[in-house]
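Taking it in order: structure first as structure tokens, then the write-up.
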2 protein chains.
Amino acid sequence: MTDKQAHVTHQADVTTNESGELLLENQVCFSLYSAANAIIRAYRPLLDAIDLTYPQYLTMMVLWANDGINVKDMGAKLHLDSGTLTPLLKRLETKGLLDRKRALTDERVREIWLTEAGKALKDKAKTIPYTMFCKSELPFEELAALKSTCDKLLNTIN
Amino acid sequence: MTDKQAHVTHQADVTTNESGELLLENQVCFSLYSAANAIIRAYRPLLDAIDLTYPQYLTMMVLWANDGINVKDMGAKLHLDSGTLTPLLKRLETKGLLDRKRALTDERVREIWLTEAGKALKDKAKTIPYTMFCKSELPFEELAALKSTCDKLLNTIN
DNA sequence: AGCAATTATATTGTGTACAATTTAATTTAT
DNA sequence: ATAAATTAAATTGTACACAATATAATTGCT
């Protein structure tokens with residue numbers, strides 16, 4: 001083993017075993033990736049009841065707090081680009097939850113406005129976060145620490 | 001506000017503000033979801049160099065430690081089903097990294113065996129975890145805590 | 001004013017995730 | 001032994017993510 005590899009093994013032994021092997025079980029990123037998938041799966045039965053997917057639910061949450069927001073600002077909040085958002089917003093429009101209007105001052109800009117049905121959905125979604133909190137079976141402090149680390153990761157990694 | 005909703009707000013104020021509103025900024029699950037997406041984006045330039053996607057890289061990692069594993073056991077390790085794995089494994093087969101063989105004792109079972117090229121790729125992938133560790137700019141202990149919480153979440157939520 | 005550069009969104013194409021269903025092989029129960 | 005039940009993969013269809021590119025509107029520059 002080279003000096004460089006020894007350093008690697010020492011510094012990052014979350015990721016490798018004593019022989020420097022790549023082990024799935026030791027990968028932080030794999031745990032994060034699997035937990036994110038599991039969370040989306042856990043949301044599904046709750047969101048099926050209001051006919052939303054998880055990304056659609058996040059999008060509605062942005063709109064409930066920022067009605068009339070444009071696609072670019074929505075993308076900045078959700079960390080998603082127009083390639084993801086355009087079709088997603090069209091599907092929410094088809095469901096009758098929002099309208100996609102062009103801004104009067106700038107024809108390029110698409111403003112997203114909730115319909116009455118879209119606004120009404122907010123109330124039905126209100127209990128979802130607490131249900132998920134219970135499903136997690138984790139103490140409040142641990143979830144707060146998880147959020148803090150994820151936010152740091154997101155900020156430094158991009 | 002009902003008593004039940006007051007309880008919700010008190011218990012889960014990571015998710016809601018003082019008026020009980022659903023705020024994206026306060027959602028643990030959204031942070032986890034965004035961090036997972038960000039991590040996959042951060043892996044991309046490293047994995048492009050060896051022509052793998054992140055799920056393909058995870059799959060190869062399983063094979064490097066468990067050559068000849070079948071699809072079901074692979075799915076249990078990766079928390080993915082055959083609907084995801086079958087096409088993914090076919091793509092890795094097309095790249096010449098593995099062979100998909102039927103088990104002799106049970107014709108239903110598909111065994112996945114690394115080719116020489118598949119085995120050789122392991123060496124090129126060795127430095128990736130340490131590079132990602134550096135990219136995170138987080139102390140080792142915080143990453144270990146992150147992994148621990150994600151693993152707990154994955155176990156309780158399913 | 002007029003043209004180049006920039007910006008906002010949309011489109012195209014690839015690769016996941018996953019529910020639901022199908023197919024084929026094996027096991028179980030009678 | 002054989003029909004029913006179970007199991008392992010594969011298939012089908014929907015919905016993300018995101019890179020790359022295209023389109024159209026606006027801004028900046030001279």
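Every chain is numbered from 1 and lettered A, B, ... according to where its sequence line falls, protein lines coming before strand lines. Predicted model, so just to flag it, every value in this text is computed and none were measured.
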* To do: Give the rounded distance in Å between these two atoms: CG of A/Leu85 and P of D/dA15.
  => 16 Å

* Separation of atom NZ in A/Lys101 from atom P in C/dT9, rounded to whole Å -> 16 Å

* Atom-pair distance (CG on A/Leu89; P on D/dA15), nearest Å -> 14 Å

* Side chain A/Thr94, main chain A/Lys90, donor-acceptor under 3.5 Å -> yes

* Asked: Mind checking whether A/Leu154 and B/Phe133 sit in one hydrophobic cluster, side chains of I, L, V, M, F, W, Y counted as touching below 4.5 Å?
  -> no

* Would you please confirm or rule out a distance under 4.0 Å between OP1 or OP2 of D/dC18 and any side-chain N or O of B/Arg41? => yes

* **Sugar-phosphate only, base, or nothing, as touched by A/Arg100 at under 4.0 Å among non-hydrogen atoms** => sugar-phosphate

* What nucleic acid atoms does B/Arg91 come within less than 4.0 Å of, heavy atoms only: base, sugar-phosphate, or nothing? -> base

* hydrophobic_cluster_shared for A/Phe140 and A/Ile39, side chain cutoff 4.5 Å -> yes

* Of the residues in residues 69-81 of chain B, which ones touch DNA chain C at a heavy-atom distance under 4.0 Å? -> B/His79, B/Leu80, B/Asp81

Give every pair of a protein N or O atom and an N or O atom of nucleotides 24-28 of chain C that lie under 3.5 Å apart, one pair per line with the distance.
residue, atom, partner, partner atom, Å
C/dT26, OP1, B/Glu107, N, 3.0

* N/O donor-acceptor pair under 3.5 Å between B/Arg110 side chain and B/Arg100 backbone -> yes

* Structure fact -> Hits for side-chain contact (heavy atoms from CB on, under 4.5 Å) against A/Ile40, two or more places apart or cross-chain, chain-then-number order -> A/Arg44, A/Tyr54, B/Tyr33

* Return no unless some side-chain N or O of A/Arg110 is found under 4.0 Å from OP1 or OP2 of C/dA10. => yes

* Scan residues 42-58 of chain B against DNA chain D and write down, sorted by residue number, each residue with any heavy atom closer than 4.0 Å; if none is found, say none. => B/Arg44

* With side chains defined as the heavy atoms from C-beta onward, is the minimum distance between A/Leu63 and A/Met74 less than 4.5 Å? -> yes

Can you tabulate the close N/O pairs, meaning under 3.5 Å, that link protein atoms to atoms of nucleotides 2-5 of chain C?
none

* Are the side chain of B/Thr59 and the backbone N or O of B/Pro55 linked by a donor-acceptor pair below 3.5 Å? -> yes

* Does some side-chain heavy atom of B/Leu47 sit less than 4.5 Å from a side-chain heavy atom of B/Gln56? -> no

* **Side-chain-base donor-acceptor pair under 3.5 Å for B/Ser82 and D/dA8** => no

* To do: Can you tell me the distance, in whole Å, between the CG atom of A/Leu92 and the C1' atom of D/dT14?
  => 14 Å

* Close side-chain approach of A/Leu32 and A/Leu153, heavy atoms under 4.5 Å -> yes

* To do: Fit a plane to each ring of A/Tyr57 and A/Trp64, take the angle between them on a 0 to 90° scale, and name the class: parallel (under 30°), tilted (30 to 60°) or perpendicular (over 60°).
  => perpendicular

* Atom-to-atom span, CZ of A/Phe30 to P of C/dT16 - whole angstrom -> 15 Å

* Is B/Asp106 reaching over with its side chain to a backbone N or O of B/Arg108, donor-acceptor style, under 3.5 angstrom? -> yes

* Give A/Leu88 one of three labels, base, sugar-phosphate or nothing, depending on what nucleic acid heavy atoms sit under 4.0 Å from its own. => sugar-phosphate

* **Student check: side-chain heavy atoms of B/Glu93 and B/Leu98 closer than 4.5 Å** => yes

* Does B/Tyr33 make a side-chain N or O approach to OP1 or OP2 of D/dC16 shorter than 4.0 Å? -> no

* Which residues share a side-chain contact (heavy atoms from CB on, under 4.5 Å) with B/Lys77, sequence neighbours left out -> A/Leu24, A/Glu25, B/Val62, B/Asn66, B/Ile69

* To do: Could you tell me whether a side-chain N or O of B/Lys135 sits under 3.5 Å from a main-chain N or O of B/Ala42, the two making a donor and an acceptor?
  => yes

* Out of curiosity, A/Ser31 OG to B/Lys152 NZ, how far, rounded to the nearest 0.5 Å? -> 12.5 Å

* Asked: For C/dA10, does either OP1 or OP2 sit under 4.0 Å from a side-chain N or O belonging to A/Thr86?
  -> yes

* Kindly say if A/Lys90 contacts the phosphate of C/dT11, meaning a side-chain N or O under 4.0 Å from OP1 or OP2. => yes

* To do: Whole angstrom is fine here: how far is it from CD1 in B/Ile112 over to C1' in D/dA10?
  => 12 Å

